[in-house]
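In this text the structure is predicted, and so the values were computed from the model without any measurement. By convention in this document, chain letters (A, B, ...) are assigned in the order of the sequence lines, proteins followed by strands, and residues within each chain are numbered from 1. Any value given below was found using the heavy atoms of this structure, including those in side chains, with hydrogens, waters and symmetry copies removed.
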Number of protein chains: 2
Amino acid sequence: MLSDHEKKTRFRDPKRTRKRLLQAAFREVHRSGFQGAGIDTILAATNVTKGALYHHFESKEALGYAIVEEIIAKLFQDRWLTPMLGDGQPINILIGIVRGLPSRPKDIRNSCPLLNLTQEMSPLDEQFRTRLEMLFLAWQKGVAALLRKGQSQGTVRRELNPDETASFLIAMVEGNASLAKVAQDAKVWEVGIRNIVGWLRSLRVPGNHRRG
Amino acid sequence: MLSDHEKKTRFRDPKRTRKRLLQAAFREVHRSGFQGAGIDTILAATNVTKGALYHHFESKEALGYAIVEEIIAKLFQDRWLTPMLGDGQPINILIGIVRGLPSRPKDIRNSCPLLNLTQEMSPLDEQFRTRLEMLFLAWQKGVAALLRKGQSQGTVRRELNPDETASFLIAMVEGNASLAKVAQDAKVWEVGIRNIVGWLRSLRVPGNHRRG
DNA sequence: CTTAACATACCGACCAGTTTGTACGTTAAA
DNA sequence: TTTAACGTACAAACTGGTCGGTATGTTAAG
């Protein structure tokens with residue numbers, strides 16, 4: 001006799017099917033780009049049929065939007081927003097996040113999923129663009145808030161503009177991902193991260209370097 | 001009677017045909033990406049037939065490689081390498097180049113062609129990747145050489161590593177292009193450039209700010 | 001005359017999306 | 001409690017169009 005769990009995984013489980021579809025679609029899009037991603041490839045990776053996919057998503061575009069809103073947003077939440085809520089000196093938190101960014105060969109090859117989709121789709125599809133822009137804005141606002149917190153704590157230089165500095169950091173991180181992607185070399189990535197960390201340190205108020 | 005020019009444009013002119021094909025292909029690839037670019041679109045833009053195109057390029061890939069080697073390499077030469085050969089303080093030259101980067105809405109929408117192709121194709125096609133990597137390396141080496149020149153002139157800080165700093169600058173420039181691309185806002189671009197320029201200034205040796 | 005530089009018609013593969021059918025699950029009336 | 005009705009969640013075969021590429025013919029150039 002089958003347990004309840006076995007029944008659920010062996011037979012219909014729409015929530016799970018949808019999630020598996022999204023995950024596989026995310027991986028395929030991350031590898032091949034949205035235009036290059038094949039529905040059949042996603043289907044083959046999940047052993048789900050076309051009828052099921054189009055039951056859950058009304059088009060390839062809708063699937064793409066869901067990837068941004070559900071998968072990428074969550075990745076970004078886990079890697080940036082949540083760590084930024086912790087305590088500790090803002091600059092130290094940022095250094096920790098940047099150093100902890102995924103740097104396996106696979107990650108370097110494919111680079112940041114947010115960046116990939118932005119490059120490919122934002123000039124082609126306004127629906128994509130607005131969704132991607134929202135993530136970037138949340139990212140920027142999060143970093144800016146953290147910098148402001150540091151300013152009021154007296155650990156971050158007062159003269160810098162938090163919004164602009166946050167934006168600048170994001171540009172560095174994404175640019176570094178691009179360079180490492182062409183080079184396909186972890187060394188390039190690491191050197192870039194070291195330079196970003198060095199720059200982050202320069203944001204601290206002098207004399208406060210060795211605290212926390 | 002027809003002038004020499006009319007004869008050349010009205011009848012066969014393989015060099016010109018090839019060049020027009022390349023230019024149109026570049027524009028189309030810049031807009032839609034390599035995978036998204038349609039051969040028929042390129043043909044329509046040039047009033048050239050498929051037979052002519054496949055006479056000059058043996059495949060879509062070969063056309064893509066030629067775009068990198070001929071069009072993008074030249075753009076990059078004109079915008080970076082040549083200006084960097086001029087005289088003047090290295091940092092000032094770099095600031096001038098960065099400020100002079102194209103910032104029309106169209107350029108911001110489509111971003112840097114080198115970055116676009118890198119993001120899309122370097123994980124998918126090794127032939128593309130190596131060609132793109134060569135351009136990035138030439139870029140980096142050029143900037144590094146300029147920084148070294150500044151160091152020997154005493155206008156650039158001695159403690160910085162020219163290769164790493166060059167790479168870092170490139171990452172900033174490309175990252176900034178990405179941010180402006182999602183935002184589709186010239187303001188975002190300009191703020192980023194201002195921050196890059198500020199960072200470039202910080203590379204000068206103190207006390208030498210107001211020379212040249 | 002030979003060859004390079006085209007032009008035109010066509011092919012086959014691919015691929016997003018549709019159609020049609022089926023089995024499971026839920027609900028509610030009897 | 002049974003069962004009939006109905007909606008959800010799939011399965012599988014098919015379609016219409018697109019797109020890269022080719023085969024073959026034609027014309028200009030040397």
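Between the NZ atom of A:K15 and the C1' atom of D:dC10 there is a distance of 17 Å, given to the nearest Å. Distance, B:L43 CG to D:dT18 P: 16 Å, rounded to whole Å. Rounded to whole angstrom, the span from the NZ atom of A:K50 across to the P atom of C:dT18 amounts to 11 Å. Atom-to-atom, CZ of B:R16 to C1' of C:dC6 comes out at 15 Å; the value is rounded to the nearest Å. Distance B:L53 CG to C:dT8 P: 15 Å, rounded to the nearest Å.
Taking every heavy atom of both residues into account, B:T118 and A:S178 meet most closely at CG2-O, 4.0 Å.
Only one option out of B:D107, B:N176, B:N116 pairs with B:K181 in a side chain to side chain donor-acceptor pair (under 3.5 Å); it is B:N116.
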**Message:** With side chain to side chain contact (heavy atoms under 4.5 Å, CB included) as the criterion, how do B:R129 and A:Q184 come out once you've worked through the C-alpha distance, each side chain's angles and the decisive distance to 0.1 Å?
**Reply:** CA-CA 9 Å; B:R129 194 192 68 79; A:Q184 278 186 8; 3.2 Å; yes

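For the segment residues 54-63 of chain B, residues with any heavy atom less than 4.0 angstrom from an atom of DNA chain D are, sorted by number, B:Y54, B:S59, B:K60, B:E61. Annotation: proximity of residues 17-41 of chain B to DNA chain D (heavy atom, distance under 4.0 Å) is found for B:A37, B:G38, B:I39, numbered in ascending order.
Judged by the 6.0 Å and 45° rule, A:K60 forms a cation-pi pair with A:F34.
Outside the 6.0 Å centre-distance limit, the rings of A:W199 and B:F168 are not counted as a close aromatic pair.
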